[in-house]
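One structure is given here, and the rest of the page talks about it.
Just so it is clear: chains get the letters A, B, ... in the order the sequence lines come, proteins before strands, and each one is counted from 1.
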Amino acid sequence: MTTAPDTEAELVARADAMSGKSLGELAQELSVDVPKDFRRNKGWVGTLIERVLGATAGSRDEPDFVELGVELKTLPLDARGTPRESTFVCTIALDEVGDLEWEQSRVRRKLARVLWVPVQADPALAVSERRVGTSLLWSPSEAEEAALRFDWEELTGTIGRGDVEDLRGHLGRFLQIRPKAADSHARRRGFDRDGASFQTLPRGFYLRATFTARLLSDLVPPQAAP
DNA sequence: TATTGATCATGC
DNA sequence: GCATGATCAATA
């Protein structure tokens with residue numbers, strides 16, 4: 001069990017030491033089995049990287065590195081180096097988010113400081129052969145935060161008006177709301193237009209891949225066009 | 001083929 | 001049940 005890093009510098013040093021290694025190598029160092037695919041192990045890469053870097057495992061509503069206030073997110077990249085998937089941020093308290101301000105939001109807290117860890121996710125590569133890239137310790141720029149805030153206010157405003165059922169995945173420029181549940185039958189409390197409590201599908205905030213792609217393009221200059 | 005909606009495992 | 005970690009897979 002790796003101990004938690006004491007400083008951001010130590011965290012970054014660990015991330016640098018990890019870059020270039022394959023998931024197979026890292027799994028072997030930790031004596032964990034490598035699945036053939038992620039159909040029944042969807043969080044496997046994230047959990048593996050957590051352990052490598054010494055994040056506090058668990059399901060608490062806290063940053064992965066509590067002392068540092070840093071959140072860890074892996075970023076699955078396709079063969080071109082572009083994120084393949086959106087990034088889950090947090091679940092939504094549908095019965096209270098309408099009363100919150102952006103400053104108090106879980107989205108803002110979660111994204112205040114993030115260590116992005118790119119990992120190859122080209123389906124043509126065997127899981128154990130996929131390699132970890134160069135991590136990026138990131139905080140949103142003013143422009144990025146303003147953009148996220150805009151989406152957040154629009155989306156939570158819809159919830160606050162009692163129109164949660166109008167929320168679809170296509171809403172939101174960079175931040176979107178999609179189901180986040182065990183299955184489509186899951187239910188949790190929300191409020192309708194009349195303020196009456198009712199049961200609805202649990203939902204979460206996700207960052208679109210276009211947003212995370214930008215972060216990486218700031219880190220790695222684009223290759224010259226062929 | 002990009003995206004949205006659905007789903008899987010685990011800990012407390 | 002709800003939080004954590006996400007990817008799968010049907011659809012547009």
Side-chain angles (χ1 to χ4, degrees), chain A residues 1 4 23 26-27 30 32-66 69-97 105-107 109-111 114-127 130 132 135 151 155 158 164-190 197 199-214:
Chain A
M1 179 67 186
L23 297 181
L26 295 172
L30 294 173
V32 304
D33 294 330
V34 179
K36 267 206 162 47
D37 56 53
F38 301 133
R39 275 181 293 187
R40 294 193 172 276
N41 294 274
K42 295 184 180 179
W44 187 83
V45 175
T47 304
L48 178 74
I49 301 301
E50 277 185 352
R51 291 177 183 168
V52 171
L53 296 177
T56 310
S59 56
R60 296 166 306 166
D61 183 16
E62 288 180 334
D64 294 294
F65 302 97
V66 182
V70 174
E71 181 71 20
L72 174 64
K73 290 291 180 192
T74 58
L75 223 39
L77 303 186
D78 65 18
R80 295 150 46 206
T82 303
R84 293 194 65 204
E85 295 283 351
S86 56
T87 299
F88 172 68
V89 179
C90 59
T91 52
I92 308 175
L94 291 170
D95 53 1
E96 54 188 50
V97 74
S105 71
R106 295 177 63 214
V107 172
R109 286 212 315 269
K110 284 275 182 186
L111 299 180
V114 180
L115 182 71
W116 299 100
V117 180
V119 178
Q120 289 182 323
D122 177 356
L125 292 173
V127 171
R130 300 179 188 179
V132 177
S135 297
D151 286 342
L155 294 166
T158 299
V164 60
E165 301 292 34
D166 290 349
L167 294 174
R168 318 296 309 286
H170 61 83
L171 295 173
R173 181 110 166 76
F174 298 115
L175 194 64
Q176 63 175 173
I177 287 181
R178 306 218 308 275
K180 171 63 174 177
D183 55 50
S184 61
H185 303 299
R187 287 294 180 267
R188 71 185 303 185
R189 190 169 81 135
S197 171
Q199 295 298 111
T200 187
L201 186 62
R203 293 164 168 88
F205 286 108
Y206 294 78
L207 287 176
R208 293 182 180 279
T210 50
F211 185 86
T212 51
R214 273 197 193 183

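Using a 4.5 Å heavy-atom cutoff, the side chains of A:D64 and A:V70 are not in contact. Within the 4.5 Å cutoff, side-chain heavy atoms of A:V45 are placed close to those of A:F38. Between A:S197 and A:D95 there is no side-chain heavy-atom pair separated by less than 4.5 Å.
Under the ring-ring contact (aromatic ring centres under 6.0 Å, His included) criterion, A:F88 pairs with A:Y206, not counting sequence neighbours. Every residue two or more places apart in sequence or in another chain that forms a side-chain contact (heavy atoms from CB on, under 4.5 Å) with A:E165 is listed here: A:F198, A:T200, A:R203.
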Strictly under 3.5 Å: I want the nitrogen or oxygen pairs between protein and nucleotides 9-12 of chain C, one per line.
none

Between N or O atoms, less than 3.5 Å apart, protein on one side and nucleotides 10-12 of chain B on the other: list the pairs.
from, atom 1, to, atom 2, distance (Å)
B:dG11, N2, A:S59, OG, 3.4
B:dG11, N3, A:S59, OG, 3.3

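More than 12 heavy atoms of other residues, nucleotides or ligands sit less than 6.0 Å from atom CZ of A:R187.
Separating the CZ atom of A:F88 from the P atom of C:dG5 is a distance of 8 Å, rounded to the nearest angstrom. To the nearest angstrom, P of B:dT7 lies 14 Å from CZ of A:R203. What separates CG of A:L72 from P of C:dA3 is a distance of 20 Å, to the nearest Å. Protein atom CG of A:D78 is 13 Å distant from nucleotide atom P of C:dT7, rounded to whole Å. Computed from coordinates, the A:E50 CD to B:dA9 C1' distance equals 13 Å when rounded to whole Å. Atom-to-atom, CZ of A:F205 to P of C:dA3 comes out at 13 Å; the value is rounded to the nearest Å. Summarising the geometry, the separation between NZ on A:K42 and C1' on C:dA6 is reported as 8 Å, rounded to the nearest angstrom. Note: CD (A:E71) to C1' (C:dA3) measures 12 Å, nearest angstrom.
With hydrogens and angles left out, the side-chain atoms of A:R173 and A:T210 include no donor and acceptor closer than 3.5 Å.
Toward the 5' end of DNA chain C, the nearer of the two residues A:T91 and A:A121, judged by each one's closest nucleotide, is A:T91. Comparing A:Y206 and A:P202 against DNA chain C, the residue whose closest nucleotide sits nearer the 5' end is A:P202. Along DNA chain B, the nucleotide nearest A:R40 and the nucleotide nearest A:R80 are compared for position; the residue whose nucleotide lies closer to the 5' end is A:R80.
A:D61 comes within contact range of the sugar-phosphate backbone alone, with a heavy-atom separation under 4.0 Å but no base atom that close. Contacts of A:T87 with the nucleic acid, taken as non-hydrogen atoms under 4.0 Å apart, are absent.
Taking CG of A:D78 as the reference point, atom CD of A:E85 lies at 10.5 Å (rounded to 0.5 Å).
Inter-axis angle, ends of the helix from B:dT1-C:dA12 to B:dC12-C:dG1, five pairs per end, rounded to 10 degrees: 30°.
A side chain to side chain contact (heavy atoms under 4.5 Å, CB included) with A:L48 holds for exactly one of A:L53, A:V132, A:V32; it is A:V32.
When all heavy atoms are compared, the tightest approach of A:G169 to A:R208 is O-NH2, 2.7 Å.
Remark: the backbone N or O of A:L175 is paired with a side-chain donor or acceptor of A:D151 at under 3.5 angstrom.
If you check residues 170-189 of chain A against DNA chain B, the residues with a heavy atom closer than 4.0 Å are A:H170, A:Q176, A:R178, A:P179, A:K180, A:A181, A:A182, A:D183, A:S184, listed by number.
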